Protein chains: 2
Amino acid sequence: MELAIGELSRRTGVKVPTIRYYEQIGLLPEPTRTEGQQRRYGAPEVRRLNFIRHARELGFDVEAIRQLLDLTSDPNRSCGEVHAITRTHLDEVNDKIARLTALRDELEAMVACDNRRVSDCRIIEVLADHGQCQHRHH
Amino acid sequence: MELAIGELSRRTGVKVPTIRYYEQIGLLPEPTRTEGQQRRYGAPEVRRLNFIRHARELGFDVEAIRQLLDLTSDPNRSCGEVHAITRTHLDEVNDKIARLTALRDELEAMVACDNRRVSDCRIIEVLADHGQCQHRHH
DNA sequence: TCTTGAACCTCTAGTCGCTAGAGCATGTAG
DNA sequence: CTACATGCTCTAGCGACTAGAGGTTCAAGA
């Protein structure tokens with residue numbers, strides 16, 4: 001399987017310039033090239049790039065992804081190191097889920113209220129109160 | 001209540017330069033100033049800034065926040081407009097929750113595996129496989 | 001009242017993670 | 001063997017901050 005960069009892009013949903021950017025910052029290894037210097041990729045790059053995309057969408061920054069990728073590329077390394085990295089994210093992720101769930105409830109309430117007035121919608125209040133730990137529930 | 005910018009920062013968790021930046025891009029109104037040109041804020045700014053912070057943390061971009069803020073500042077406007085904005089985000093939010101939940105399960109599995117080898121951890125595989133069938137474009 | 005220093009001011013420039021465009025080269029399909 | 005979609009490099013721009021230089025203000029303590 002020999003994929004041009006455009007085909008890799010199509011299969012992963014990552015834009016062509018972004019793929020080149022990832023190569024530039026060392027997230028993707030330098031691929032083989034044709035005589036005319038065009039990049040050619042294989043199955044491992046598809047997997048790696050899919051991983052990168054999903055990790056990015058889920059809020060991991062490039063440095064964290066780099067660490068995870070480095071760790072897993074050496075399969076003899078102890079899981080404890082991955083533990084340390086993932087642990088940090090686990091709390092964040094749980095926190096995000098909690099707040100997104102609260103937000104979803106509010107958004108659904110707003111979507112349902114449709115013909116009424118904005119003044120009846122509580123989204124602003126609820127969001128503004130969050131950090132205060134004072135929000136009354138409805 | 002007359003708050004200096006540093007006090008507003010402490011109460012909202014938004015850094016001082018970020019507050020000035022929000023003013024610059026029009027997310028926060030220009031506040032009153034002292035004789036010596038220092039900004040002074042009141043309760044409404046605390047609320048507004050808290051709203052902005054939480055909305056940002058939950059992934060709303062500045063333009064969306066601006067729209068929500070504009071809409072709600074005119075309480076006679078129909079909820080339908082808010083509906084349109086929130087509706088768009090509702091799908092994204094649900095999608096994020098779903099993928100974060102999947103990630104959390106994987107992270108928890110990894111954290112639990114501790115002493116074993118990275119090769120036993122499935123996070124890379126799971127994340128790499130996620131978008132294989134269908135990807136949503138935002 | 002005066003002094004001191006933390007906190008304020010403006011302005012410019014840098015960061016991260018892309019994204020777009022110019023201008024030219026390659027490679028595949030007809 | 002030619003057309004032209006796709007590829008290449010390079011530079012510059014964007015969103016949303018963040019950091020630093022260099023100077024000013026304000027409030028608390030002597």
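Each chain gets a letter, A, B and so on, in the order the sequences are listed, and its residues count up from 1. Note that the coordinates shown come from a computational prediction; the quantities given were computed from them, not determined experimentally.
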Side chain to side chain donor-acceptor pair (under 3.5 Å) filter on B/Glu30, not counting sequence neighbours, yields none

With a 4.0 angstrom cut-off to heavy atoms of chain A, pull out the first and last contacting nucleotide of DNA chain C, in 5'-to-3' order.
C/dG17 to C/dT28

So CG of B/Leu49 and CD1 of B/Ile19: to nearest 0.5 Å the spacing works out to 5.0 Å

Heavy-atom pair of closest approach, residues A/Ser9 and A/Val14:
OG-O, 2.7 Å

Does A/Arg33 reach a base, just sugar-phosphate, or nothing at all? Heavy atoms under 4.0 Å.
sugar-phosphate

As an exercise, state the distance from CD1 of A/Ile25 to CD1 of A/Ile65, rounded to the nearest 0.5 Å.
8.5 Å

Heavy-atom contact window of chain A on DNA chain D, given 5' to 3' at under 4.0 Å:
D/dG7 to D/dT9

What distance separates A/Thr32 OG1 from A/Glu45 CD, expressed to the nearest 0.5 Å?
7.5 Å

If you assign A/Arg20 and B/Lys15 each to the DNA chain D nucleotide with the nearest heavy atom, which residue ends up on the more 5' nucleotide?
A/Arg20

Taking only residues two or more places apart in sequence, or in another chain, which ones meet B/Asn94 in a side chain to side chain donor-acceptor pair (under 3.5 Å)?
A/Arg104

Side chains of residues 33-44 of chain B: which donor-acceptor partners sit under 3.5 Å, not counting sequence neighbours?
{"residue": "B/Arg33", "atom": "NH1", "partner": "B/Gln37", "partner atom": "O", "Å": "2.7"}
{"residue": "B/Thr34", "atom": "OG1", "partner": "B/Gly36", "partner atom": "N", "Å": "3.3"}
{"residue": "B/Thr34", "atom": "OG1", "partner": "B/Gln38", "partner atom": "N", "Å": "3.1"}
{"residue": "B/Gln38", "atom": "OE1", "partner": "B/Arg40", "partner atom": "NH2", "Å": "3.0"}
{"residue": "B/Arg39", "atom": "NE", "partner": "B/Glu23", "partner atom": "OE1", "Å": "2.7"}

Could you please spell out the steps behind the side-chain contact (heavy atoms from CB on, under 4.5 Å) verdict for B/Tyr21 and B/Lys15?
CA-CA 10 Å; B/Tyr21 169 74; B/Lys15 289 175 186 166; over 6 Å; no

May I ask you to decide if B/Ile5's main-chain N or O and B/Arg20's side chain share a donor-acceptor pair within less than 3.5 Å?
no

Quick one, which residues of residues 34-42 of chain A touch DNA chain D with a heavy atom under 4.0 Å?
A/Gln37, A/Gln38, A/Arg39

Which pair of heavy atoms, one from B/Arg56 and one from B/Asp61, lies closest together, and at what distance?
NH1-CA, 3.8 Å

Which atom names give the shortest non-hydrogen contact between A/Leu28 and A/Ile52, and what distance separates them?
CD2-CD1, 4.1 Å

Closest-nucleotide mapping onto DNA chain C: is A/Arg56 or B/Val16 further toward the 5' terminus? I mean the 5' end.
B/Val16

Checking all strands, does A/Ile25 fall into the base, sugar-phosphate, or nothing category for heavy-atom contacts under 4.0 angstrom?
nothing

Most 5' of A/Ala4 and A/Gln24 on DNA chain D, judged by nearest nucleotide
A/Ala4

